[in-house]
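For this chain, numbers begin at 1 and follow the sequence in order. Small disclaimer: the values here were computed from a predicted structure and weren't measured.
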Amino acid sequence: MHNEAEDSGPSGYAAARLRLLTEEARSGPPRRTALADLTDDWLTGLFTAGTEGTRGVSLVAVGGYGRAELSPRSDLDLLLLHDGSDPQAVATLADRLWYPVWDLGLALDHSVRTPAEARRTAGEDLKVQLGLLDARHLAGDLGLTASLRTAVLADWRNQAPKRLPALQELCAERADRQGELQYLLEPDLKEARGGLRDATALRAVAASWLADAPREGLAEARRRLLDVRDALHLTTGRATDRLALQEQDQVAAELGVLDADALLRQVYEAARVIAYAGDVTWREVGRVLRSRAVRPRLRAMLGGGKPSAERSPLAEGVVEQDGEVVLARAARPERDPVLPLRAAAAAAQAGLPLSLHAVRRMAATVRPLPTPWPAEAREQLVTLLGSGRPTVQVWEALEAEGLVNSLLPDWERVRCRPQRNAVHLWTVDRHLIETAVRASAFTRRVHRPDLLLVAALLHDIGKGWPGDHSVAGEVIAKDVAARIGFDHHDVTVIAALVRHHLLLVETATRRDLEDPATVRAVAEAVGSQGTLELLHALTEADALATGPAAWSSWRASLVSDLVKRVSAVLSGDAPADPEEAAPTAEQERLAIEVVATGAPVLSLRAQAEPPAEPSDDPEPLGVELLIAVPDQPGVLPAVAGVIALHRLTVRTAELRALDLPDGVEGSVLLLDWRVAAEYGSLPQATRLRADLVRALDGTLDIAGRLAERDAAYPRRRGVVAPPPRVTVAPAASRHATVIEVRAQDAPGLLFRIGRALEDAGVRVRSAHASTLGANAVDAFYVTGPEGAPLPGEEAVAVARKLEETLRG
C-alpha cells in the first residue's frame, strides 16, 4: 500500500483510499490509523518530490490528523513549518502540496509558518494552540518539528492558569449553542456537550499537567463517537457530524447495531462519560487554580508549610472539603451500606458536588442494602430526591460509577433510553430525575411528600418494557416501593400514582368535564382524596419536566377544574347532569336574540384575570367565545372554518341545544368555546359574526380560502408525520359516543373534522382540542340525529370514514 500510494501519485492514493474505506473487514481505530498511514505516505511523497534540496522546512500534521484519527471525510489539518531562510521556495512547495489535495476534493485546513509565527498565532488563537498540541511530524526537518512541539507544550504549561479558564469558557459557550449530546434526538457528535471537541479539550487539560480527567471509560467513549462519525460519513458521503433522524437506521446497520434506538443509547452513554469527566476535570482545574492563588498569601501568614484543607462535618461519615463532599476519615463504606445515600443526600442538601474519589471508593467497597431497606436509607433517598436542582449532578455522579443500578436494578432499562417525541427534552432516566426536581417544589402542598417524590422517580420506569408503560410501571413500582421499605398501604398508593400518572391531563384535555361519567371514572380510578392530591402534583411535575409544550396555564386550569370535580365526588357530592343544567343569563339573552333576528350572535369575553405582563406561555388561557345560532346543519364546520380563517387556536369547544324560556318558540344551538390568537391580537366580534353569517348561508368558501392560504405558505420540509388515527373510546360517556382523533396539527384541522362528521350524519355535542408539540389529540362527543349514542358498528364505521378523509 505504501508503494502504491507513493509511486502512483494522486490517482493511486485515491484508489487505495477508496479500497480501504470499502473494506468491510476493517473499521474503527484500525481503519482510521490505516487511512492516516496511507495519507502520510502520499503527502511524504509529494513533499520529498517538491523539496529538491530545500532545507529548514518540515510538514506537520495537526489536530485530528495529528492524532492519526482520520474519518472518511475528515479535513486534513497541515502546517508547513519553515525557518524563514527561503520564503519563495517554501511558497512553491506549498503549491505542490495543497493543489493535489484540492484536486482530489479533500477538505484541507493549511497554514505556512515559522516556529515563531506558529507560537505567536497559538498565543492569540486558542483553537490553533489546541491543534498544535497534537502536532505530529510527517516529513522534512525533524529537528524543526521537535523544537516547535517542545516550545508549544512549554508555552501551554506556562500559560495554563490563563488559557485553561478561556478553554472552559469556550466549552461552556459551545454547550449553550449546541446542547447536550446525551439528550438530543439529532445530536452533533463533535460540537455538542459531551462530544468529540470536549474529549479533545480534556486531552489539552491533561497536557497542561495542572489536572487530569478520570480516565476509566474515557478512551472507549471517544472511540465509540469516532466509530459513529465514520459510519455517518460513509452512509451520507458527506463531511457531517450531525446524526440526523433519517440517517440513524443506516448508521446503525453500518455499525452492526440493532436499530436507531440502540445506536442513540450507545451515543448517549459515550457522551455521558465524556461530559461527567469534563465536570470533574474542570472542578479540579478550578480547585488547583484557587489554591495556587491563595497559597503564597497563606504561606506568608503561617510562616511556610502546606496548609491543610478545612473539613466541615455534613452527616455521619460525610464532610465538606475544598468545595466538595468527601468521606470522613473514620468512614467505613464496607460496614455502612446506607453511606452512599447519606453522602448523596448531604451533598444535594448542601448544593455541593460529590467527590469523584468518594463515589469510587463507595462503589468499590460498599455492601448492598438489605431487603427491605432500613428506614434511614429510605429517608435519605427521599431527602436526595427532594433537594431540588442540586439532585441532578449528585445523581449523575452516583450513576457514573454504577451506584444507581446497585440501589435500583430496574434503572438499567431506562438509563440513556431515547424518547422519540419532540415534546420530550430528556432521555427517560433524566426525565425521571427532572420530574423529582419539579416535584420537590410541590412538597409543601401534599400531605405525603415522600410518596410524591418516589412516584416522580418511578412514574416512567415501565418505558423499558413492551406494552403500555403505565401498566408495566405499576408492577415495577410495587416491587421497588416494597424493596425500599414502604408499608402495604404506601406501596399501593405509589403503584396507583404510576399507573394513573397520565389520567388527569389526558382526561382534562380530551374529555367533557361536564359529563358525570367522565368525573366518576376518574374518581373510581383514583379512589381517595390523598391519592388525588398526590396525582395532581405529580401530573404538573411530570408535564413541567417533559418540556415547554407539555404544560401551560390552559392545561393547568383544565386539570384543576377536573380535580375539583373529582374531589367533590370523592366527598360524596354527585356531579350535576349537563342535560339538566339551566342556561346562564348571558346564554339565555343570546338565544332570545337569535330567535328574534334569525341570525347568529356572538360575544368574546377575556379571561377573568388577564396576565399583568406579556407571557411566553405556549398555550395561553385565551378568551371565551360564546355563539348562539339557529339550529341547522353545518354549524360545527362553519364555526371551525371561520375561526381557522381568523388564525384562532381552539382550546375547548362545546356545542349543545339550548332549552328556551317558556313562551319562546324556536330551536337554538349554543357553542361555548375557548380560543386564543395564534399571534397578534384577537379579531373583532363584528368581523367574526359577518364571516359566520356568510359561512352558514354558503357564500363564504372556507375550504377554498384555507387551501389558498396553505398554497401561499408552503410547509417546510421536515420529518414525515405519521398518518392520522381515529378511534372510538369505549364507555367514555352515557350520553354520547366519544371519537378520538390523533393527527398532525394544522390550521383548519377542526374544520375538516367537523365537515366529515357532518357528512356522516352525526351530531357533535362537544369537542375537546389538545395539542402537544405538532400533535393534535381531539375528542368529539357525538350522537345520532335523535340525540342517542351511536350503536357500536355505526360508531366504528364513522371513525373509519373520518380517518380515511383525514388521510386523503
If you apply the rule salt bridge (charged side-chain N to carboxylate O under 4.0 Å, His left out), what do you find for E220 with R223, and how did you get there? CA-CA 5 Å; E220 171 61 24; R223 183 193 69 74; 2.7 Å; yes

Quick one: do E399 and R415 satisfy salt bridge (charged side-chain N to carboxylate O under 4.0 Å, His left out)? Show the steps, please. CA-CA 9 Å; E399 198 170 49; R415 192 175 62 82; 5.2 Å; no

Could you go through R55 and D141, starting from their C-alpha distance and side-chain angles, then the distance that decides it, and tell me whether this counts as salt bridge (charged side-chain N to carboxylate O under 4.0 Å, His left out)? CA-CA 7 Å; R55 295 185 181 177; D141 188 337; over 6 Å; no

side-chain contact (heavy atoms from CB on, under 4.5 Å) between V228 and R224, intermediate numbers included: CA-CA 6 Å; V228 174; R224 169 58 60 188; 4.1 Å; yes

Assess whether side-chain contact (heavy atoms from CB on, under 4.5 Å) is satisfied between R283 and R287, documenting all intermediate values. CA-CA 6 Å; R283 236 174 23 237; R287 190 188 65 75; over 6 Å; no

So Q248 and R420, side chain to side chain donor-acceptor pair (under 3.5 Å) or not? Walk me through it. CA-CA 12 Å; Q248 289 173 7; R420 293 193 173 274; 2.8 Å; yes

Derivation and outcome, side-chain contact (heavy atoms from CB on, under 4.5 Å), residues L97 and V101: CA-CA 7 Å; L97 284 169; V101 177; over 6 Å; no

Derivation of the salt bridge (charged side-chain N to carboxylate O under 4.0 Å, His left out) call for R389 and E434: CA-CA 8 Å; R389 188 53 51 194; E434 285 289 326; 2.8 Å; yes

Side chain to side chain donor-acceptor pair (under 3.5 Å), that's the test. Do K463 and Q419 meet it? Break it down for me. CA-CA 9 Å; K463 282 194 172 172; Q419 307 209 68; 2.7 Å; yes

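Taking 4.5 Å as the limit, every side-chain heavy atom of L81 sits out of range of all side-chain heavy atoms of L59. Between D109 and L78 there is no side-chain heavy-atom pair separated by less than 4.5 Å. When side chains are defined from C-beta on, R193 counts as touching Q182, because their heavy atoms get closer than 4.5 Å. No side-chain heavy atom of W98 sits under 4.5 Å from any side-chain heavy atom of L93. Under the 4.5 Å side-chain criterion, counting only non-hydrogen atoms from C-beta, R417 is not in contact with D429. Inter-residue side-chain proximity for L189 and R242 is flagged as unmet; no heavy-atom pair is nearer than 4.5 Å. Proximity of R430 to T427: side-chain heavy atoms (C-beta onward) are separated by under 4.5 Å at one or more points. Under the 4.5 Å side-chain criterion, counting only non-hydrogen atoms from C-beta, D41 is not in contact with Y13.
Minimum heavy-atom separation, A122 to L132: CB-CD1, 3.9 Å. Closest heavy-atom contact between D227 and P29: OD1-CD, 3.9 Å. Heavy atoms only, all atoms of each residue included: V257 and Q266 are closest at CG2-OE1, 3.9 Å. Across A199 and I274, no two heavy atoms sit closer than the pair N-CG2, 4.0 Å.
Although no hydrogens or angles enter the test, the distance criterion places a donor-acceptor pair under 3.5 Å between the side chain of R149 and the main chain of A135. Judged by distance alone, the side chain of Y99 and the main-chain N or O of A94 form no donor-acceptor pair under 3.5 Å. Of the possible donor and acceptor atoms, one in the side chain of R136 sits under 3.5 Å from a partner among the backbone N and O of Y65. Side-chain atoms of S71 never come within 3.5 Å of backbone atoms of S74 as a donor-acceptor pair (strictly under, hydrogens ignored). Side chain of D75 to main chain of D77: no donor-acceptor pair is present (N/O by atom type, distance under 3.5 Å, no hydrogens or angles). Checking side-chain atoms of T92 against main-chain N and O of Q88 turns up a donor-acceptor pair under 3.5 Å. Within the 3.5 Å criterion, the main-chain N or O of R73 finds a donor-acceptor partner in the side chain of H233. A donor-acceptor pair under 3.5 Å is formed between the side chain of E186 and the backbone N or O of L245. No donor-acceptor pair under 3.5 Å is formed between the side chain of T48 and the backbone N or O of G45. Between the side chain of N158 and the backbone N or O of A154, at least one donor-acceptor pair lies under 3.5 Å.
Atom-to-atom distance recorded for L243:CG and R229:CZ is 12.5 Å, nearest 0.5 angstrom. Summarising the geometry, atom CG belonging to L126 is positioned 10.0 Å from atom CD belonging to Q159; distances are rounded to the nearest 0.5 Å. In this structure, L289 CG and Q168 CD are separated by 9.0 Å, a value rounded to the nearest 0.5 Å. Annotation: the span from T145 atom OG1 to L138 atom CG amounts to 8.0 Å, rounded to 0.5 Å. Rounding to the nearest 0.5 Å gives a distance of 5.5 Å between CZ of R17 and CG of L21. If you take CG on L225 and CG on D230, they are separated by 11.0 Å, rounding to the nearest 0.5 Å.
Within a 6.0 Å sphere centred on CH2 of W102, heavy atoms belonging to other residues, nucleotides or ligands number more than 12. Within a 6.0 Å radius of CH2 in W465, other residues, nucleotides and ligands contribute 12 heavy atoms or fewer. No more than 12 heavy atoms of other residues, nucleotides or ligands shown are found within 6.0 angstrom of CZ on R725. Annotation for E124: atom CD counts as buried by contact number, over 12 foreign heavy atoms lying within 6.0 Å.
Residue pairs meeting the ring pair (Phe, Tyr, Trp, His ring centres under 6.0 Å) criterion with at least one partner in residues 168-193, sequence neighbours excluded, are Y183-W426.
The side-chain tip of R163 does not point at the ring of W156 from less than 6.0 angstrom away and within 45° of straight on.
For the side chain to side chain contact (heavy atoms under 4.5 Å, CB included) test with L133, the passing option among T200, V62, V152 is V152; the others fail.
A salt bridge links R360 and E216; the closest N-O separation between the charged side-chain nitrogens and carboxylate oxygens is under 4.0 Å.
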